Amino acid sequence: MTITTPDDFTHRWRQPPNFPLDVPIDYMFLPAADVLDHVRKDEEVRFTILGDDDWQVRMDRTAAFRTAPLEEIVTWPFRLVHFNLSRFYHDLLSGFQEEVMIPWRTHLSARGFIWQRLAPILFLSTEGASSTYHNDNSHGLVWQVHGTKTFHSYLDPDKHLSAEAAVIGETTGEEPPEHDAADRHSVTMRPGDQLWSHALTPHWVTTESELAMSVTLSHGGLCHQGCFSERELALRAYWDKNPSEAWMHDLRNIRY
């Protein structure tokens, strides 16, 4: 069921499974190929060349990724992420702060939410690419912008990975472990679709179109009227025992 009202969101945000939602935010992005061509040259971009080609082919493509012709790049299997989109607010993402981030922060604040960090993350990938199997320390509002991806998680994450194990990073791997397909919760996302991804829940994402682009609004330390999500309580307990790590590693388990 797609969550469409603030009250429904307030009731559902604290507990898995992930759910589709419809947030009234709008922004006209540049074409995905133009975004790729811009961000691939930025010094803070992270990317991984994938595929069954031999090691030398992947190394050559990695070296050429920033400068090779764009029409060639989009035929390579790759995944790309950029965590610091504020670098592009003056050009590539002009108006994004005013049209997306400020309205969403205002919407949350008006309904009693607070947070430590709320920032957008960009993901680009080509057909056949898959993210790693991982969990994030932050809640994500996943917003599909271009192309098609499928967001895979579990109906009952506790059955596959406890919150305590997620906190210490036992999730990360290139492939998900073997599991019963009936336990899986997979949501295919097309342009304009949105999904709430719960903090500390294991998941992986596959790309189903030639080029796909999504933006995730990542919410670190999200709290509603004094209440954190149930799985994030394990993170708080860990930080209570390891205070030197608190608030320092909000992105440490994000892999793509």
Side-chain angles (χ1 to χ4, degrees), residues 1-3 16-23 25-40 45-53 57-58 61-62 65 70-83 85 120-136 140-155 157 160 171-198 201-218 254-256:
M1 181 180 70
T2 300
I3 298 300
N18 298 333
F19 55 85
L21 73 165
D22 186 6
V23 172
I25 53 178
D26 193 20
Y27 180 77
M28 184 63 70
F29 289 90
L30 293 176
D34 292 347
V35 175
L36 169 61
D37 198 29
H38 191 103
V39 302
R40 67 176 172 138
V45 74
R46 304 182 192 179
F47 63 90
T48 302
I49 302 297
L50 304 167
D52 297 327
D53 298 299
V57 170
R58 292 197 301 274
R61 288 177 172 179
T62 298
F65 187 79
L70 183 63
E71 57 269 23
E72 182 179 349
I73 295 293
V74 296
T75 68
W76 301 348
F78 71 83
R79 59 192 185 215
L80 174 154
V81 61
H82 202 298
F83 292 111
L85 297 190
I121 304 170
L122 174 72
F123 297 95
L124 277 155
S125 53
T126 48
E127 189 170 12
S130 177
S131 75
T132 58
Y133 174 76
H134 68 285
N135 65 262
D136 305 323
L141 196 172
V142 183
W143 181 9
Q144 189 65 24
V145 176
H146 177 89
T148 304
K149 292 182 181 179
T150 300
F151 199 102
H152 306 277
S153 56
Y154 300 112
L155 293 168
H160 299 272
T171 316
T172 301
E174 276 296 323
E175 301 288 340
E178 291 187 10
H179 60 277
D180 189 330
D183 293 342
R184 190 184 305 168
H185 179 50
S186 298
V187 179
T188 297
M189 302 183 67
R190 296 177 175 84
D193 289 346
Q194 300 164 347
L195 178 82
W196 187 255
S197 175
H198 290 271
T201 57
H203 61 272
W204 66 106
V205 184
T206 54
T207 303
E208 323 294 346
S209 59
E210 290 184 0
L211 181 64
M213 180 171 79
S214 60
V215 172
T216 294
L217 307 188
S218 181
I254 291 183
R255 301 286 190 273
Y256 197 74

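What's counted below: heavy atoms across the whole structure, side chains too, no hydrogens, waters or symmetry copies. Predicted, not measured: the structure shown is a model, and the values here were computed from it.
- Contact check for Val187 versus Asn18: no side-chain heavy atoms found under the 4.5 Å cut-off.
- Other residues, nucleotides and ligands contribute only 12 or fewer heavy atoms inside 6.0 Å of the CD atom of Glu175.
- In this structure, CE on Met213 lies 9.5 Å from CG on Leu36, to the nearest 0.5 angstrom.
- Counting heavy atoms from C-beta outward, Ser214 and Met189 have side chains that stay 4.5 Å or more apart.
- Of the possible donor and acceptor atoms, one in the side chain of His179 sits under 3.5 Å from a partner among the backbone N and O of Pro177.
- The distance from the CG atom of Asp22 to the CD1 atom of Ile3 is 10.5 Å, given to the nearest 0.5 Å.
- Rounded to the nearest 0.5 Å, atoms CZ (Arg61) and OG1 (Thr48) are 14.0 Å apart.
- Checked against the 6.0 Å centroid criterion, the rings of His152 and His185 do not qualify as a close aromatic pair.
- Side-chain atoms of Ser131 come within 3.5 Å of backbone atoms of Val205 as a donor-acceptor pair (strictly under, hydrogens ignored).
- At least one donor-acceptor pair closer than 3.5 Å links the side chain of Ser209 to the backbone N or O of Leu211.
- Residues Phe65 and Ile49 are in side-chain contact: their nearest non-hydrogen atoms beyond the backbone lie under 4.5 Å apart.
- Using a 4.5 Å heavy-atom threshold, the side chains of Thr201 and Asn135 count as separate.
- Shown here for Ser218 and Ile121, the closest heavy-atom pair between the two residues is CB-CD1, 3.8 Å.
- A distance-only check finds a donor-acceptor pair linking the side chain of Arg79 to the backbone of Ser130 [under 3.5 Å].
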Verdict with reasoning, Trp204 to Tyr154, per ring pair (Phe, Tyr, Trp, His ring centres under 6.0 Å): CA-CA 10 Å; Trp204 66 106; Tyr154 300 112; 5.8 Å; yes
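- Atoms CD and OG1, on Glu127 and Thr75 in that order, are 12.0 Å from each other to the nearest 0.5 Å.
- Between the side chain of Gln144 and the backbone N or O of His146, at least one donor-acceptor pair lies under 3.5 Å.
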As a quick check of understanding, evaluate ring pair (Phe, Tyr, Trp, His ring centres under 6.0 Å) for Trp143 and Phe29, giving each step before the final call. CA-CA 12 Å; Trp143 181 9; Phe29 289 90; 5.4 Å; yes
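- No side-chain heavy atom of Phe123 sits less than 4.5 Å from a side-chain heavy atom of Leu80.
- Side-chain atoms of Ser125 and Lys149, non-hydrogen and from C-beta on, do get closer than 4.5 Å to each other.
- Contact record, Ser186 with Thr150: CB-CG2, 4.0 Å, taken as the closest heavy-atom pair.
- Shortest non-hydrogen contact noted between Leu217 and Pro120 is CD2-CB, 3.9 Å.
- Under the 3.5 Å distance criterion, the side-chain polar atoms of Thr126 are matched with a main-chain donor or acceptor of Trp76.
- A donor-acceptor pair under 3.5 Å links the side-chain atoms of His198 to the main chain of Pro17, judged by distance alone.
- Between Val45 and Val39, the closest heavy-atom pair is CB-O, 3.4 Å.
- Between the CG atom of Leu122 and the CZ atom of Phe83 there is a distance of 10.5 Å, given to the nearest 0.5 Å.
- If you take CZ on Arg184 and NE2 on His160, they are separated by 10.0 Å, rounding to the nearest 0.5 Å.
- Minimum interatomic distance between Pro191 and Val145 (heavy atoms only, all atoms of both residues): CB-O, 3.6 Å.
- Taking both residues in full, the closest heavy atoms of Thr148 and Ala212 are given as O-CB, 4.0 Å, listed atom of the first, atom of the second, then distance.
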Using side-chain contact (heavy atoms from CB on, under 4.5 Å), reason through Gln194 and Ile25 one step at a time and then give a plain yes or no. CA-CA 10 Å; Gln194 300 164 347; Ile25 53 178; 3.8 Å; yes
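- The shortest distance between side-chain heavy atoms of Phe78 and Ile73 falls below 4.5 Å.
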